There are 2 protein chains.
Amino acid sequence: MFLMKWLEWRFLILSHAFEIYAGIIAFIFTGLGIWLAMKLSKPKIKVVTIEKEYSGSRESFAINQEALTQTGISARELEVLELMATGLSNQEIAQRLFVSLSTIKTHSSNVFFKLEVQRRTQAIEKAKRLGIIN
Amino acid sequence: MFLMKWLEWRFLILSHAFEIYAGIIAFIFTGLGIWLAMKLSKPKIKVVTIEKEYSGSRESFAINQEALTQTGISARELEVLELMATGLSNQEIAQRLFVSLSTIKTHSSNVFFKLEVQRRTQAIEKAKRLGIIN
DNA sequence: TGAAAAATCAGACTAAAGTATGAGGGCTTG
DNA sequence: CAAGCCCTCATACTTTAGTCTGATTTTTCA
């Protein structure tokens, strides 16, 4: 019975050799078509437009990074700048970051230099305008 | 000659019938593959954020006036506060308003008292938060 | 692994900022 | 017209901010 079954299979394959071959070709070239389309077509871009009340959270985040690298302000300096903008004194910032007053003064001085300003109020104003703090 | 050429063609087609058929299949299914890829590929979603011209002009103006009267800050004091927020020093504010440094110090001291803060940076932060300056 | 950048700190100094007190003049309002 | 508010100014003082110099340690990166 097993043998007969096998012969039946064999007969099927032989009598339909052309169809099987065509099927294989069809399959392979379908794959080729898909690959071609993937490779050569420009990626589809679906544009989703979201209207937003101006508050500038996402946009300012993008500007944020660019302007930030532009100024060359380091992570720690940014931290100091942010606390500065909340109205804290150097002493308070020092306590909050567990460092000395000298360190905060150095950081803030560097920030002022990098932002090309003289005072902390100017630094805050410019930093907000550039979008590197919110 | 024409006839012979035609016969030659015919012979070619007959003797290569299978290859031609396979070629047609390949071509068709390549097309199918491309179509499939086009149809089924997920489009990349690009999010475009458009900021609407801010609609809260009336509202913030209202808050402005109310909070301002609440604090009891006078017109001159507000003027000083606004210049302060732009990053000017007391000396610069004095020169701009054609008054003495002492006067600006008095004004700013009054502003700090009325806003219940100690430093100019805090005053600026709070004034912006309350919407009495922008 | 060695140089550059970043973070830390100190001391000494100058410049602003902020406080406190007092005082004079202008303006409105009951 | 006196009381109250606002604007002005001064002086004296304390505190905070900011600069400069120089140094050590940590981190980062080629």
Side-chain angles (χ1 to χ4, degrees), chain A residues 64-133, chain B residues 64-133:
Chain A
N64 196 320
Q65 287 302 71
E66 193 179 343
L68 191 60
T69 52
Q70 206 79 17
T71 57
I73 290 177
S74 72
R76 197 61 160 172
E77 287 164 355
L78 180 62
E79 217 172 338
V80 172
L81 181 57
E82 282 167 344
L83 291 176
M84 207 179 264
T86 68
L88 294 182
S89 68
N90 286 338
Q91 186 61 65
E92 290 167 335
I93 296 171
Q95 288 174 330
R96 186 158 308 195
L97 297 183
F98 304 106
V99 294
S100 78
L101 177 60
S102 299
T103 306
I104 300 303
K105 284 189 175 185
T106 305
H107 283 321
S108 56
S109 241
N110 289 335
V111 168
F112 301 156
F113 176 76
K114 288 173 180 176
L115 286 178
E116 298 171 299
V117 297
Q118 287 75 241
R119 281 175 287 285
R120 56 178 42 224
T121 47
Q122 288 180 322
I124 293 166
E125 196 277 330
K126 185 156 189 179
K128 286 189 176 180
R129 190 154 43 75
L130 293 179
I132 71 180
I133 60 173
Chain B
N64 198 318
Q65 287 300 69
E66 192 180 343
L68 192 59
T69 51
Q70 206 79 15
T71 56
I73 290 176
S74 73
R76 196 60 159 171
E77 286 163 356
L78 180 62
E79 218 172 337
V80 172
L81 181 56
E82 281 167 345
L83 291 176
M84 208 179 264
T86 68
L88 295 182
S89 68
N90 286 339
Q91 186 62 65
E92 289 168 336
I93 296 171
Q95 288 174 329
R96 187 159 306 195
L97 297 182
F98 304 107
V99 294
S100 78
L101 177 59
S102 299
T103 306
I104 300 303
K105 283 190 176 184
T106 306
H107 284 320
S108 56
S109 243
N110 289 336
V111 168
F112 301 156
F113 176 75
K114 288 173 180 175
L115 286 179
E116 298 171 299
V117 297
Q118 286 77 240
R119 280 174 289 283
R120 56 177 45 230
T121 46
Q122 288 180 323
I124 293 166
E125 196 276 328
K126 186 158 189 177
K128 286 191 176 180
R129 191 151 44 77
L130 293 179
I132 70 180
I133 60 174

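If you're wondering where the values come from, they're calculated on a predicted model, not measured in any experiment. Letters A, B, ... are given to chains in the order of the sequence lines, protein chains preceding strands, and every chain is numbered from 1.
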Between the protein and nucleotides 16-22 of chain C, which nitrogen or oxygen pairs come in under 3.5 angstrom?
| unit_1 | atom_1 | unit_2 | atom_2 | d |
| --- | --- | --- | --- | --- |
| C:dA17 | OP2 | B:Asn90 | N | 2.9 |
| C:dA17 | N7 | B:Lys105 | NZ | 3.4 |
| C:dG18 | OP1 | B:Arg120 | N | 2.6 |
| C:dG18 | OP2 | B:Arg120 | NE | 3.0 |
| C:dG18 | N7 | B:Lys105 | NZ | 3.2 |
| C:dG18 | O6 | B:Lys105 | NZ | 2.8 |
| C:dT19 | OP2 | B:Ser109 | OG | 2.8 |

>> Donor-acceptor pair, distance only, cut-off 3.5 Å: does the side chain of A:Lys126 make one with the backbone of A:Val117?
In response: no
>> Side chains of A:Val99 and A:Arg76, heavy atoms from C-beta outward: is any pair under 4.5 Å?
In response: yes
> Are A:Leu83 and A:Leu97 close enough that some pair of their side-chain heavy atoms sits under 4.5 Å apart?
Replying inline: yes
For nucleotides 5-7 of chain C, list the nitrogen or oxygen atoms of the protein found under 3.5 Å from its nitrogen or oxygen atoms, one pair per line.
| unit_1 | atom_1 | unit_2 | atom_2 | d |
| --- | --- | --- | --- | --- |
| C:dA7 | OP1 | A:Arg76 | N | 3.3 |
| C:dA7 | OP2 | A:Ser74 | OG | 2.4 |

>> Using the side-chain contact (heavy atoms from CB on, under 4.5 Å) criterion, which residues pair with A:Ser100? Sequence neighbours excluded.
In response: A:Ser102, A:Thr103
>> What I'd like to find out is whether the side chain of A:Ile124 reaches to under 4.5 Å of the side chain of B:Ile124, using heavy atoms alone.
In response: no
> Is the closest side-chain heavy-atom distance between B:Asn110 and B:Val80 below 4.5 Å?
Replying inline: no
> Do A:Met84 and A:His107 come within less than 4.5 Å of each other through their side chains, counting heavy atoms only?
Replying inline: no
> Can you name the closest pair of heavy atoms from B:Gln118 and B:Gln122 and give their distance?
Replying inline: N-OE1, 3.0 Å
> Do any N or O atoms from the side chain of A:Lys114 and from the backbone of A:Gly72 form a donor-acceptor pair under 3.5 angstrom?
Replying inline: yes
>> To the nearest 10°, give me the bend of the helix from C:dT1-D:dA30 to C:dG30-D:dC1, comparing the axes of its five terminal pairs at either end.
In response: 50°
> Got a salt bridge between A:Arg129 and A:Glu125, using NZ or NE/NH1/NH2 to carboxylate O under 4.0 Å?
Replying inline: yes
> Residues two or more places apart in sequence or in another chain: which of them pass side-chain contact (heavy atoms from CB on, under 4.5 Å) with B:Glu82?
Replying inline: B:Leu78, B:Ile133
>> Using a 3.5 Å distance criterion without hydrogens, assess whether the side chain of A:Glu92 forms a donor-acceptor pair with backbone atoms of A:Leu88.
In response: no
>> Taking any atom closer than 4.0 angstrom to a non-hydrogen atom of chain A, what span of DNA chain D does the protein reach, first nucleotide to last?
In response: D:dA17 to D:dT19
